There are 2 protein chains.
Amino acid sequence: MPKSRSEIPVATVSRLALYLRELQQLQRGATVHVRSQSLAERLGLKDSQVRRDLSCLGPVGQRGVGYPVPDLIVAIERVLGTDRAWNVILVGAGNLGRALSGYKGFDQQGFRLVAVFDSDPQKIGSKVEEFPVQDLDSLESFIANTQIDLAILAVPASAARSVASRLEAAGIAGILNFAPIAVHSSGSTTVQDVDLAIELQRLAFSVVRNQRPQ
Amino acid sequence: MPKSRSEIPVATVSRLALYLRELQQLQRGATVHVRSQSLAERLGLKDSQVRRDLSCLGPVGQRGVGYPVPDLIVAIERVLGTDRAWNVILVGAGNLGRALSGYKGFDQQGFRLVAVFDSDPQKIGSKVEEFPVQDLDSLESFIANTQIDLAILAVPASAARSVASRLEAAGIAGILNFAPIAVHSSGSTTVQDVDLAIELQRLAFSVVRNQRPQ
DNA sequence: TAGATTGTTAATCGATTAACAATC
DNA sequence: TAGATTGTTAATCGATTAACAATC
């Protein structure tokens, strides 16, 4: 039987997004069915883990056959919440922010950039993709007048907390935080951190662990 | 007693990098000691978890006082392997690659960009930061002549596997992969994936789970 | 039906937490 | 010493895995 969202383990949620990525690739290749073993091999997992994860969606597989790719895509998107469009604003039009604004992967997954903000007078008015950079001062009024779901926070660490508070106060439901600082969320706003330097540190650790397996 | 790198739980390694970031901030503020409770609050963790994690480093704390900030920084950097400089190349000089090349956080943590590669003739020869973009064809010869530790892979998904194989064959120890595709590593090369669209999907899931807590 | 693969169980493994003795 | 905080234990919690009955 399908699990409700709150019953799905967090570790499973992370992998559901990975499965979705593979499935979308399979669908582009017109693959109709996929076995748990095949998905597992592609992602470096155990087949039993894939089956357990997918069983959270309900009985979507076909015994003796595998999982129907299109059905599985729909089921995962429904659980993740990406079966609808999400309106996203970008705060911070620096190098990283500009790169993120043009990132194709966001659009492909239904995340729609609708506005860009920065506090730098030199940047305000210039264009990022097709969006004129708006003054950070107008953040609240813009959010009040537009249905915005998420914000991508790509400002310096020194500004991150203050901007995050304002986003929360304005009622943004989720923040994807690229600033290298812990941002505390109040009750209703969810914060997801992506720290690029930390990812590189994790990689470095894996390397030194492999190099001298003590 | 200190644990060897292979004995440290993976979950702990991820947090050690977070502790390091906080500690560096504390050190800039000239804080001498920090208690587990204080670190825990800053990062939204339990104090007992902080103490358990830090105990992997050996007895670096002072009972009744807390952890000496400078000593703790040194101990974490030594375990993570970031107590030395790492030479890094960037493959892929698109929007994301260019943003990553200028990312301050890498430099601050001892990761030194030394070269940039791309296969696009339009980009080859142009400058990214102070680095002229080199032809991807010269990847192997460059790596053979320079001590390179890590590669940041910021090419399209369609090119990622082929470039990753070449990096592995050339003896690169670790790859930070930003391409939205599973890259399989052979024995000696470690791959760390960062998929930005997947991070946004995880955020979306947290939001829908919070909005309708079933 | 026979063959194959899912869905699910039970066992194992690893991570988190509270509590407190050790000790600065 | 008294107060405070670490380091560590034991219990709990959650995630992974192998195995196999269910069933397409």
Side-chain angles (χ1 to χ4, degrees), chain A residues 1-19 22-23 26 31-72 75-76 79 202 205 209, chain B residues 1-19 22-23 26 31-72 75-76 79 202 205 209:
Chain A
M1 62 223 73
K3 287 191 176 178
S4 73
R5 289 204 181 92
S6 54
E7 287 169 330
I8 300 180
V10 289
T12 294
V13 172
S14 295
R15 285 189 298 267
L16 285 176
L18 287 172
Y19 301 145
E22 289 299 319
L23 290 162
L26 288 168
T31 303
V32 178
H33 289 97
V34 65
R35 289 174 297 136
S36 55
Q37 200 188 50
S38 159
L39 269 179
E41 273 169 19
R42 286 163 162 267
L43 291 166
L45 306 170
K46 300 277 163 134
D47 56 337
S48 55
Q49 176 154 81
V50 172
R51 289 197 298 280
R52 177 166 261 280
D53 285 341
L54 296 182
S55 74
C56 293
L57 307 168
V60 71
Q62 292 171 7
R63 294 177 200 229
V65 180
Y67 298 88
V69 172
D71 296 9
L72 199 46
I76 294 178
V79 163
R202 282 181 192 158
F205 176 83
R209 175 160 58 183
Chain B
M1 61 221 74
K3 288 192 176 177
S4 73
R5 288 204 181 93
S6 54
E7 288 169 331
I8 301 180
V10 289
T12 294
V13 172
S14 295
R15 285 188 298 265
L16 285 175
L18 286 173
Y19 300 144
E22 289 300 317
L23 289 162
L26 287 167
T31 302
V32 179
H33 290 97
V34 65
R35 290 175 296 136
S36 55
Q37 199 187 52
S38 160
L39 268 180
E41 272 168 19
R42 286 162 161 268
L43 291 166
L45 306 170
K46 299 277 160 129
D47 56 336
S48 55
Q49 177 153 79
V50 172
R51 289 197 298 280
R52 177 165 261 279
D53 285 341
L54 296 182
S55 73
C56 293
L57 307 169
V60 70
Q62 293 172 6
R63 293 176 201 232
V65 180
Y67 299 87
V69 172
D71 296 7
L72 199 46
I76 294 178
V79 164
R202 282 182 192 157
F205 176 83
R209 176 161 58 184

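Atom set for the values below is all heavy atoms of this structure, side chains included, hydrogens, waters and symmetry mates excluded. Convention: sequence-line order gives letters A, B, ...; per-chain numbering from 1. Since the structure is predicted, the reported quantities are computational estimates derived from the model, not experimental observations.
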Calculate the interatomic distance between [X] atom [atom1] and [N] atom [atom2]; express it in whole Å.
X: Glu7(A); N: dA15(D); atom1: CD; atom2: P; answer: 13 Å
X: Asp47(B); N: dT16(C); atom1: CG; atom2: C1'; answer: 12 Å
X: Asp53(A); N: dT5(C); atom1: CG; atom2: P; answer: 19 Å
X: Leu54(A); N: dG7(C); atom1: CG; atom2: P; answer: 8 Å
X: Arg35(A); N: dT6(C); atom1: CZ; atom2: P; answer: 8 Å
X: Leu72(A); N: dT6(C); atom1: CG; atom2: P; answer: 11 Å
X: Leu57(A); N: dT6(C); atom1: CG; atom2: P; answer: 14 Å
X: Gln37(B); N: dT6(D); atom1: CD; atom2: P; answer: 9 Å

Closest contact, heavy atoms only, [X] versus [Y]:
X: Val65(A); Y: His33(A); value: CG1-CD2, 3.5 Å
X: Pro68(A); Y: Gln62(A); value: CG-NE2, 3.6 Å
X: Pro70(A); Y: Val32(A); value: CD-O, 3.9 Å
X: Val79(A); Y: Phe205(B); value: O-CD1, 3.4 Å

Notebook entry, point to check: Does OP1 or OP2 of dC24(D) have a side-chain N or O of Gln62(A) closer than 4.0 Å?
Noted result: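 Result: no.
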Notebook entry, point to check: Given dG7(D), is OP1 or OP2 found less than 4.0 Å from the side-chain N or O atoms of Tyr67(B)?
Noted result: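 For dG7(D), OP1/OP2 do have a side-chain N/O of Tyr67(B) under 4.0 Å.
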Residue [X], side-chain heavy atoms: nucleotide from [options] that is nearest:
X: Arg52(B); options: dT9(D), dA10(C), dT6(D); result: dT9(D)
X: Ser48(A); options: dT9(D), dT17(D), dT6(C); result: dT17(D)
X: Ala11(A); options: dT16(D), dT17(C), dT16(C); result: dT16(D)
X: Arg51(A); options: dT9(D), dG7(D), dC20(D); result: dC20(D)
X: Lys46(B); options: dA18(D), dT16(C), dA18(C); result: dA18(C)
X: Val10(A); options: dA15(D), dA10(D), dG7(D); result: dA15(D)
X: Ser55(B); options: dA19(D), dA19(C), dG7(D); result: dG7(D)
X: Arg63(A); options: dT16(C), dT17(D), dC24(D); result: dC24(D)

Next item on the list: Could you say whether Pro9(A) or Gly58(B) is positioned toward the 5' end of DNA chain D, judged by the nucleotide with the nearest heavy atom to each?
Entry: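 The 5'-side residue here is Gly58(B).
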Check: Does Gly64(A) or Arg15(A) map to a spot on DNA chain D nearer the 5' end, using the closest nucleotide for each?
Finding: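 Final value for this comparison: Arg15(A).
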Next item on the list: Identify whether any heavy atom of Val50(A) sits under 4.0 Å from a base atom; if not, whether one sits that close to sugar-phosphate; answer base, sugar-phosphate or nothing.
Entry: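 No contact.
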Next item on the list: May I ask you to say what Ser36(B) touches in the nucleic acid, namely base, sugar-phosphate or nothing, with a heavy-atom cut-off under 4.0 Å?
Entry: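 Sugar-phosphate: the residue Ser36(B), judged by heavy atoms under 4.0 Å, touches backbone atoms but no base.
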Note to self: My understanding is that a pair needs two contacts under 3.5 Å, Watson-Crick or G-U wobble. By that rule, which nucleotide pairs with dA10(D)?
What the structure shows: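 For dA10(D), the partner nucleotide comes out as dT17(C), under the 3.5 Å rule.
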Item checked: Partner nucleotide, any strand, of dT5(D) [Watson-Crick/G-U, under 3.5 Å] ->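 Check on dT5(D): paired to dA22(C), both distances under 3.5 Å.
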Item checked: Full working for side chain to side chain contact (heavy atoms under 4.5 Å, CB included) between Arg51(B) and Tyr67(B) -> CA-CA 10 Å; Arg51(B) 289 197 298 280; Tyr67(B) 299 87; 3.5 Å; yes
Notebook entry, point to check: Counting distance only, does the side-chain N/O of Gln49(A) pair as donor-acceptor with the main-chain N or O of Lys46(A) below 3.5 Å?
Noted result: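 Judged by distance alone, no pair lies under 3.5 Å.
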